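Shown next, in structure tokens, is the structure this report addresses.
Note that the coordinates shown come from a computational prediction; the quantities given were computed from them, not determined experimentally.
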Amino acid sequence: MADGLITGRPEVADEVEAPERPMREKAGEFLRALPWWVRVLAIFAASRLVSTALLLGFARVQANNAWTLAHPVYADYAKIWDGQWYYIVSQVGYPTTLPLTDAGQVAQNAWAFLPVFPMLIKGLMVLTGAAFAPTAVVVSVAAAAVTCVVFFRILRRFLPASTSYFAVLLFCVAPLSPLLQVAYAESLFLLLIAVALWLLLERQYWLMLAVLAVASFTRPGVVAFALALALHWGHRWLVREREPFPPAERLKVGIVAVATGLLGFAWPVVAALATGRLDAYTATELSWRADYVGYGHLLPFTPWVQGANWWVPGGAGIVFLVVAVALFVLLMLSPWVRRLPLDLRFWIVAYVVYLLAVFFPQSSTFRVLMPIFPLLGALAIPRSRVYRVLIVAGGIVGQFAWLYICWWVNGYDWTPP
């Protein structure tokens, strides 16, 4: 009897395990057989289920606010905050006379929102007859999906496939990833930046300039690409002995860098010509920080000092600012980040320098940091399963925190996304 029990256990185990092992193997084979881009899009689709559930959860408890009634449907909830400004631009364009406050200062107005995204939505609305909000959501989601595909192709130039897939997952579950499916221009801008970076790595400079021309009318920040190109030019000149950099190509890169810099200032010029006021765009942008530090002029590299003193008075804010900059420098020098191609690091540094020069730190700081997404390639390098589970879980928890602090409207709200 005892012998029978003993000899019977392996037989039972074989009966249970035998079907399971082939199923796992077949599942693995099926996944490996899928095209890489299908796997990337599957990661993106799965992540949207999480972000959509979070957005719908907040919509269910959303009270009446300046943009919607209580408990709005998804499309309406996706159009609040800046989405409403993009809707205004799509319907009536830009004012030729700047609105003023009672004190005579330039008030918040549509010139702060660049035209590519709302005009694209407007064109699709005319073609399809669909409303603004669902059309804007579809465009954002589609642009974000393609961004994931391009991002993966960039990463595969220097990282293993498994690490590249995980970096895409980090992009998809990052704390601000709900912005990839609302009526904001971020998805489209990230796509254009990703394509431009890909073309830079491929040294397709003229095509890159065409992409940047569109990006310069989508979101502010293209001027930072001019600095990245200047760094690219300088590096190629320094290593010209081992990597040829002939005069014709030097001229080409120089022209593209200068043209990109000019494109970075194109929208302020358009605003000036349309309104007859030279500072139309900068005065409009400054109106958004007036609630914090009052009205003033834009002096490069002073906004972060102002912000540091406003958020943490008494000099401690300056200490925090210095520490933050030092930590960023250390991050860029870390072994993980040094695995990134030099041109990606040039872009990250150039964009952060641009933000230090012009941006006032407040609740939308994290949103304007989204274009440094190539850093996620460095964060994906560690292979520890515990690390990977924790960082993904942290991103999902971060989504909830960001939606609660910045997106959900709770009475008087001074933390816009």
Side-chain angles (χ1 to χ4, degrees), residues 82 94 111-117 184-186 188-201 204-236 252-274 277-289 297-305 307 325 328 332 342-361 364-375:
D82 290 359
Y94 297 91
W111 282 106
F113 302 91
L114 279 61
V116 167
F117 180 71
Y184 270 52
E186 263 64 23
L188 188 57
F189 187 67
L190 293 179
L191 171 58
L192 294 168
I193 292 299
V195 172
L197 289 172
W198 167 256
L199 293 171
L200 176 60
L201 293 171
Q204 298 290 326
Y205 300 111
W206 295 125
L207 284 175
M208 181 190 66
L209 181 60
V211 172
L212 292 173
V214 179
S216 66
F217 291 94
T218 304
R219 283 279 305 152
V222 166
V223 69
F225 221 108
L227 175 56
L229 285 169
L231 295 172
H232 171 84
W233 192 100
H235 177 258
R236 290 202 61 188
K252 180 196 298 184
V253 177
I255 291 173
V256 171
V258 172
T260 300
L262 294 174
L263 284 170
F265 292 100
W267 185 243
V269 172
V270 171
L273 293 174
R277 178 165 173 161
L278 190 61
D279 66 341
Y281 176 73
T282 54
T284 297
E285 288 286 4
L286 289 171
S287 68
W288 259 269
R289 69 184 67 168
H297 299 285
L298 177 61
L299 299 175
F301 296 101
T302 61
W304 280 82
V305 175
V325 172
F328 172 75
M332 296 304 299
L342 198 55
D343 286 325
L344 296 188
R345 285 181 273 159
F346 284 157
W347 161 249
I348 293 165
V349 170
Y351 187 76
V352 170
V353 169
Y354 157 76
L355 291 184
L356 288 172
V358 303
F359 188 73
F360 179 83
S364 59
T365 300
F366 301 104
R367 174 170 60 86
V368 299
L369 283 171
M370 290 178 75
I372 63 172
F373 66 91
L375 271 177

With rounding to the nearest 0.5 angstrom, report the [atom1] to [atom2] distance, [X] to [Y].
X: Phe373; Y: Ile193; atom1: CZ; atom2: CD1; result: 7.5 Å
X: Thr365; Y: Leu355; atom1: OG1; atom2: CG; result: 8.5 Å
X: Tyr184; Y: Asp82; atom1: OH; atom2: CG; result: 3.5 Å
X: Trp347; Y: Tyr354; atom1: CH2; atom2: OH; result: 9.0 Å
X: Thr284; Y: Asp279; atom1: OG1; atom2: CG; result: 8.0 Å
X: Leu375; Y: Met332; atom1: CG; atom2: CE; result: 6.0 Å

Open item on the list: Quick check on side chain to side chain contact (heavy atoms under 4.5 Å, CB included): which of Phe328, Tyr351, Trp304 does Leu356 satisfy it with?
Closed with: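 Exactly one option meets the side chain to side chain contact (heavy atoms under 4.5 Å, CB included) with Leu356, and it is Trp304.
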
Open item on the list: Using side-chain contact (heavy atoms from CB on, under 4.5 Å), reason through Trp233 and Val256 one step at a time and then give a plain yes or no.
Closed with: CA-CA 10 Å; Trp233 192 100; Val256 171; over 6 Å; no

Open item on the list: Any carboxylate oxygen within less than 4.0 angstrom of a Lys/Arg side-chain nitrogen, looking at Asp343 and Arg345?
Closed with: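 Result for this pair is no, no salt bridge flagged.
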
Determine whether the aromatic ring centres of [X] and [Y] lie less than 6.0 Å apart.
X: Phe113; Y: Trp288; answer: yes
X: Phe225; Y: His232; answer: no
X: Trp111; Y: Tyr94; answer: yes

Close side-chain approach of [X] and [Y], heavy atoms under 4.5 Å:
X: Val270; Y: Tyr281; answer: no
X: Val358; Y: Pro303; answer: no
X: Val269; Y: Leu273; answer: yes
X: Met208; Y: Leu229; answer: yes
X: Pro268; Y: Thr282; answer: no
X: Leu212; Y: Leu192; answer: no
X: Leu188; Y: Arg219; answer: no
X: Trp267; Y: Pro220; answer: no

Indicate the atoms forming the closest heavy-atom contact of [X] with [Y], along with that distance.
X: Pro371; Y: Phe189; answer: CG-CE2, 3.9 Å
X: Ala228; Y: Ala350; answer: N-CB, 3.6 Å
X: Leu114; Y: Ser216; answer: CD2-O, 3.2 Å
X: Ala112; Y: Glu285; answer: O-OE2, 3.7 Å
X: Ala271; Y: Ala280; answer: O-CB, 3.8 Å

TODO: Indicate yes or no for a side-chain donor-acceptor contact from Thr218 to the backbone of Val214 under 3.5 Å, with no hydrogens or angles considered.
DONE: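 Between the backbone of Val214 and the side chain of Thr218 there is a qualifying donor-acceptor contact (under 3.5 Å).
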
Open item on the list: Heavy-atom count check: over 12 atoms from other residues, nucleotides or ligands less than 6.0 Å from Phe217 CZ?
Closed with: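 Yes, CZ of Phe217 has more than 12 neighbouring heavy atoms, counting only those of other groups under 6.0 Å.
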
TODO: Can you label the angle between the His235 ring and the Phe346 ring as parallel, tilted or perpendicular, going by 30° and 60°?
DONE: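 Plane angle over 60°, so perpendicular.
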
